[in-house]
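Take this structure, written in structure tokens, and hold onto it; I'll ask about it next.
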Number of protein chains: 2
Amino acid sequence: MTRQVYDPGAYPPFAVTVDIVVLSVSHRRLWVAVVERGSPPFQGLWSLPGGFVEPDEDLESAATRELAEETGLSPSQLEQVGAFGAPNRDPRMRVVSVAYWTAAADLTALRSGSDAKAASLAAVERGFTEQLAFDHSLILNDALDEVREALQTRPVATRFCRPEFTITELRGVYEAIWNTNLDPGNFHKKVTEMPGFVEPTSRLREGGRGRPPELYRAGPAQRLDPPLSRPD
Amino acid sequence: MTRQVYDPGAYPPFAVTVDIVVLSVSHRRLWVAVVERGSPPFQGLWSLPGGFVEPDEDLESAATRELAEETGLSPSQLEQVGAFGAPNRDPRMRVVSVAYWTAAADLTALRSGSDAKAASLAAVERGFTEQLAFDHSLILNDALDEVREALQTRPVATRFCRPEFTITELRGVYEAIWNTNLDPGNFHKKVTEMPGFVEPTSRLREGGRGRPPELYRAGPAQRLDPPLSRPD
DNA sequence: GCAAAAGTGTTGCCCATACACCCATGC
DNA sequence: GCATGGGTGTATGGGCAACACTTTTGC
């Protein structure tokens, strides 16, 4: 990157970081990837994976890189939650963090990162989210609000599923993130009749109890119209 | 703000700015506040109002301050659009900008700022938005997408109106921002029957042609349920 | 056969739209 | 009266929730 010369004192210097909210659904619950902090501040506490943006690095690339370094994950799509820049959010220096969220279908790939931080999954439940380092509880809650909204109008639920999934698995994503129960029959109709949301593969998943369910894959739709409404 | 000592070379230094998308509806059209750039880069082009965040300043406070300095406006509520940080978005240095949007009811207060930049209103129309400095076209389009969404589920339309307004004026906000025509009768019922959206003042606006309309003020609702659906 | 899970059909209600109609003013 | 804009009433149709019912497996 080529730059013109400029006076380094002409603007106040900030550090810029990225933090990533990696969400996953399994065992009918919602989980978030966290790493243990190995050094002060907040040493020993859990935090969201993240780190400094390099001088010539795109924000989203930085998020992808930090996520791979700290958790071994390479998720498909990152979506920005927003910028968090309260003057005292980091006691060491002035830091503005740009937060992203992403969905992971399969978190067996989660491992501790190259810098020896312990990576783990935490259940997203009341009480837990208040124990994160920095303002990461705030970031997580903002991300959750966005995801809950996004499930209504955009086909993001399929990102929580493996490439081929059953309608019941898809419903489980909604139920875990919305913390509700949905009518299986009505959900099945609504989702399969929504143009472009899911596509049939004409294959079945064998091995479970009961009638073997059909397998679907994500369709090309960018919007869900009409939106799936969240029950009260 | 008290800080521990730290090595200034331990993280890459960034500049952090804020940019503000001030939107307003008048004469059945949507307008955005812009300022003329008085110095390079992009000298002479229009840009969104904005500027550097001070070392101990909250991001939203910085947006409020810059807006007052450059346009004389003091809008009620700022909402974050997101962070924009492509490595080459500013040719001088690495800058991450945090963008906000806000609504203004009455832009007669718009004036050129203390630093002698010309402040003006630009009609939001196809073609115009491509001529802004930096990546401000991108920021504006993201803000517009957010506002169009927000109109459906949150009572943000009243922020575009003066403290007392008519239902027709409120409908004009929706029509200008969505670029559609809404049925006056159905809109009136939907809006007045939505709990907490608008409250009657039992006063009338005199002076126009036709039957004098009733005046309303914004109600306490935080969400519009069910959402106002945008026509195709 | 029985239980369990997947998927389909049916019914009734709610509500949004389309549009006709009435109201209150200026001229 | 007539035009203009504000506001209300009404009927029809589509969609969604509730829930009964059928299908297909394991045991």
Side-chain angles (χ1 to χ4, degrees), chain A residues 27-28 151-153 157 161-162 164-176 178 180-195 197-217 223-232, chain B residues 25-28 151-153 157 161-162 164-176 178 180-195 197-217 223-232:
Chain A
H27 301 88
R28 310 192 65 75
L151 283 180
Q152 300 193 36
T153 54
C161 300
R162 283 165 289 182
E164 296 196 340
F165 53 86
T166 68
I167 300 300
T168 298
E169 286 167 352
L170 189 67
R171 178 166 50 85
V173 171
Y174 278 90
E175 292 180 333
W178 282 352
T180 53
N181 290 314
L182 301 173
D183 181 283
N186 290 334
F187 183 85
H188 189 281
K189 264 176 304 191
K190 217 183 303 192
V191 156
T192 52
E193 290 167 9
M194 179 99 59
F197 191 7
V198 297
E199 293 180 338
T201 65
S202 72
R203 304 197 312 167
L204 303 178
R205 169 159 300 163
E206 313 286 351
R209 282 175 299 241
R211 173 174 172 177
E214 297 170 11
L215 287 168
Y216 291 81
R217 58 175 160 263
R223 308 261 328 160
L224 303 183
D225 195 42
L228 275 80
S229 60
R230 182 182 176 186
D232 307 319
Chain B
V25 172
S26 67
H27 301 89
R28 312 193 64 76
L151 283 180
Q152 299 193 36
T153 53
C161 300
R162 282 164 290 182
E164 296 196 338
F165 53 87
T166 69
I167 299 300
T168 297
E169 286 167 353
L170 189 67
R171 179 165 49 84
V173 172
Y174 278 90
E175 292 180 332
W178 282 352
T180 54
N181 290 314
L182 302 174
D183 182 285
N186 290 334
F187 183 85
H188 190 280
K189 264 178 304 192
K190 217 183 300 192
V191 156
T192 53
E193 289 166 9
M194 179 97 61
F197 191 8
V198 296
E199 294 181 336
T201 64
S202 72
R203 303 196 314 168
L204 303 178
R205 169 158 300 162
E206 313 286 351
R209 282 177 299 241
R211 173 174 170 178
E214 296 170 11
L215 286 168
Y216 291 80
R217 57 176 160 263
R223 308 262 327 161
L224 303 183
D225 193 42
L228 275 78
S229 59
R230 182 182 177 186
D232 306 319

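So you know, we letter chains A, B, ... as the sequences are listed, proteins then strands, and number each from 1.
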Close approaches to DNA chain D from residues 224-232 of chain A, in residue order (heavy atom, under 4.0 Å):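 Residues of residues 224-232 of chain A that come under 4.0 Å of DNA chain D are, in numerical order, A/Pro226, A/Ser229.
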
Would you say D/dA17 has OP1 or OP2 under 4.0 Å from some side-chain N or O of A/Lys190?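 Answer yes for this pair, as a side-chain N or O of A/Lys190 is under 4.0 Å from OP1 or OP2.
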
Determine whether more than 12 heavy atoms belonging to other residues, nucleotides or ligands lie under 6.0 Å from atom CZ of A/Arg203.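 No - once you tally the heavy atoms of other residues, nucleotides and ligands closer than 6.0 Å, there are 12 at most.
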
Minimal non-hydrogen separation, B/Asp225 against B/Met194, with atom names: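 Smallest heavy-atom distance, with atoms named: N-SD, 3.6 Å.
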
Can you list the residues that meet the ring pair (Phe, Tyr, Trp, His ring centres under 6.0 Å) rule with B/Phe187, with sequence neighbours excluded?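 For B/Phe187 the ring pair (Phe, Tyr, Trp, His ring centres under 6.0 Å) partners, ignoring immediate neighbours, are B/Tyr174.
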
Heavy atoms of other groups near B/Arg205 CZ, more than 12 under 6.0 Å: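 Above 12, so yes.
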
Kindly give the heavy-atom pair with the smallest separation between B/Arg217 and B/Pro200, and that separation in Å.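 Smallest heavy-atom distance, with atoms named: NH2-O, 3.9 Å.
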
So which heavy atom on B/Thr166 is nearest to which on B/Leu215, and how close?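 For B/Thr166 versus B/Leu215, the nearest heavy atoms are CG2-CD2, 4.0 Å.
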
Just the rounded figure in Å: distance from C1' of C/dT17 to CZ of B/Arg171.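 After rounding, the reported distance stands at 15 Å.
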
What is the distance, to the nearest angstrom, from the CZ atom on A/Phe165 to the C1' atom on C/dA6?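 Those two atoms, CZ and C1', are 16 Å apart.
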
Under 4.0 Å between any heavy atoms, over every strand shown, what does A/Thr192 touch: base, sugar-phosphate, or nothing? Just pick one.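 Touches nothing.
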
Could you state the CD-P distance from B/Glu193 to D/dG7, rounded to the nearest angstrom?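 Atom-to-atom, B/Glu193 to D/dG7, this comes out as 14 Å.
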
If I take atom CD1 in residue B/Ile167 and atom C1' in nucleotide D/dT8, what distance separates them, rounded to the nearest angstrom?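 In whole Å, D/dT8 C1' and B/Ile167 CD1 are 14 Å from each other.
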
Work out which heavy atom in A/Leu182 is nearest to a heavy atom in A/Pro231; give both atom names and the distance.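 Nearest heavy atoms, A/Leu182 then A/Pro231: CD2-CG, 3.6 Å.
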
Would you classify B/Thr168 as touching base, sugar-phosphate or nothing, given that sugar-phosphate means primed atoms plus P, OP1 and OP2, and contacts are heavy atoms under 4.0 Å?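 Answer is sugar-phosphate: B/Thr168 comes under 4.0 Å of backbone atoms only.
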
Which whole-number value in Å describes the distance from B/Arg28 CZ to D/dG5 P?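 Interatomic distance, CZ of B/Arg28 to P of D/dG5: 10 Å.
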
Tell me if the CZ atom of A/Arg162 is crowded by more than 12 foreign heavy atoms within 6.0 Å.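 Atom CZ in A/Arg162 is not packed in, count stays at 12 or less.
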
How would you summarise protein contacts on nucleotides 18-27 of chain D per nucleotide, using B for base, S for sugar-phosphate only and - for none, with heavy-atom distances below 4.0 Å? BB---BBBS-

Atom CG of A/Leu182 to atom C1' of D/dC16: distance rounded to whole Å?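 That distance rounds to 13 Å.
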
Given atom CD of A/Glu169 and atom P of C/dG7, what is their separation to the nearest angstrom?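 Between P of C/dG7 and CD of A/Glu169: 11 Å.
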
For C/dT8 and A/His188 - does any side-chain N or O of the residue sit under 4.0 Å from the phosphate oxygens OP1/OP2?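 Looking at the OP1 and OP2 atoms of C/dT8, one of them is under 4.0 Å from a side-chain N or O of A/His188.
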
Salt bridge flag under 4.0 Å for residues B/Glu169 and B/Arg28: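 Result for this pair is no, no salt bridge flagged.
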
